[in-house]
2 protein chains.
Amino acid sequence: MTEQIARTPKQIGAAIRRHRRALGINQKAVGEKTHLRQATISGLEAGEAGIQLRTLFGVLTALNLELVVRPRTKASTDKIEEMF
Amino acid sequence: MTEQIARTPKQIGAAIRRHRRALGINQKAVGEKTHLRQATISGLEAGEAGIQLRTLFGVLTALNLELVVRPRTKASTDKIEEMF
DNA sequence: CTCAAATATACGGCAAAGCGTATATTGCAT
DNA sequence: ATGCAATATACGCTTTGCCGTATATTTGAG
């Protein structure tokens with residue numbers, strides 16, 4: 001199961017964490033590759049909603065990941081107010 | 001071709017724009033659904049690297065889109081410094 | 001070509017991200 | 001149980017997102 005669906009910051013954070021662990025590297029190492037602090041990686045993986053795209057894609061690149069944007073597959077609640 | 005690969009803020013912005021247009025709605029309407037300004041949607045679609053996950057996922061939800069996180073498929077340069 | 005709709009840009013203000021640095025906490029092997 | 005590695009949290013600082021509001025520019029229909 002190497003393809004993870006993400007519809008929220010928490011979900012993409014969790015997905016990134018799983019992939020990072022699968023690669024056997026720690027947050028500090030990702031921080032060094034990306035010029036981000038270990039604390040910043042921690043926040044991303046925790047799903048902080050304020051994380052910037054700069055940070056997200058830096059980490060994705062460091063982990064050799066990519067995103068796919070596509071229409072939602074299954075059902076969804078779609079109440080934006082309840083999203084975070 | 002409704003599945004778009006994104007490895008950079010610019011790419012995800014472009015992908016979102018294509019999907020939005022395919023749905024036939026404008027930035028102002030997306031802004032109203034998400035409680036974001038039209039100017040903010042514009043920035044997201046333009047690929048501004050500082051856009052936050054809060055903003056990204058709000059728009060994805062409004063457009064009924066989702067992300068998939070997966071290992072990169074084809075080749076990649078992977079020079080993070082050159083990413084933006 | 002014209003004009004309206006859509007999109008991009010501007011400015012001051014407030015809140016928050018990410019920084020360096022440092023420490024607290026958690027998890028895991030022995 | 002101990003100790004180290006990994007992760008989470010804290011503080012002051014600088015930078016920047018997003019806000020409301022407003023305007024400039026681009027695009028497309030007629």
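These numbers were taken from a predicted model, which means no experiment stands behind them. Note on naming: letters A, B, ... go to the chains in the order of the sequence lines (proteins, then strands), and numbering restarts at 1 for each one.
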OP1 or OP2 of C:dC19 sitting under 4.0 Å from any side-chain N/O of A:T40?
yes
Is B:R37 close enough to C:dA10 that one of its side-chain N or O atoms is under 4.0 Å from OP1 or OP2 there?
no
Assess whether a salt bridge exists between A:R20 and A:E45, defined as any Lys/Arg side-chain N lying under 4.0 Å from an Asp/Glu carboxylate O.
yes
Within the 4.5 Å heavy-atom criterion, are B:N64 and B:L23 side-chain neighbours or not?
no
Partner of A:L67 under side-chain contact (heavy atoms from CB on, under 4.5 Å), chosen from B:V68, B:L67, B:I5:
B:L67
At under 4.0 Å between heavy atoms, what does B:I41 touch on the DNA or RNA strands: base, sugar-phosphate, or nothing?
nothing
Nearest-0.5 Å distance that lies between atom CG in A:L56 and atom CD1 in B:I12
7.0 Å
Hey, does A:Q38 reach any base, or is it just sugar-phosphate, or nothing, if we go heavy atoms under 4.0 Å?
base
Taking only Lys NZ, Arg NE, NH1 and NH2, and the carboxylate oxygens of Asp or Glu, determine whether A:R7 and B:E66 approach each other closer than 4.0 Å.
yes
To the nearest angstrom, how far is A:Q27 atom CD from C:dG18 atom P?
14 Å
Note down the inter-axis angle between the two ends of the helix from C:dC1-D:dG30 to C:dT30-D:dA1, five pairs each, to the nearest 10°.
70°
Bounds of contact between DNA chain D and chain B, in 5' to 3' order, using a heavy-atom cut-off under 4.0 Å
D:dG17 to D:dT21
Sidechain-backbone polar pair: A:T55 side chain, A:I51 backbone, donor-acceptor under 3.5 Å
no
CD1/B:I25 to CG/B:L63 distance, rounded to the nearest 0.5 angstrom?
5.0 Å
Set of side-chain contact (heavy atoms from CB on, under 4.5 Å) partners for B:Q38, sequence neighbours left out
B:Q27, B:S42
Return no unless some side-chain N or O of B:R54 is found under 4.0 Å from OP1 or OP2 of C:dA16.
no
Quick check on DNA chain D: between B:Q52 and B:A39, whose nearest nucleotide comes earlier from the 5' end?
B:Q52
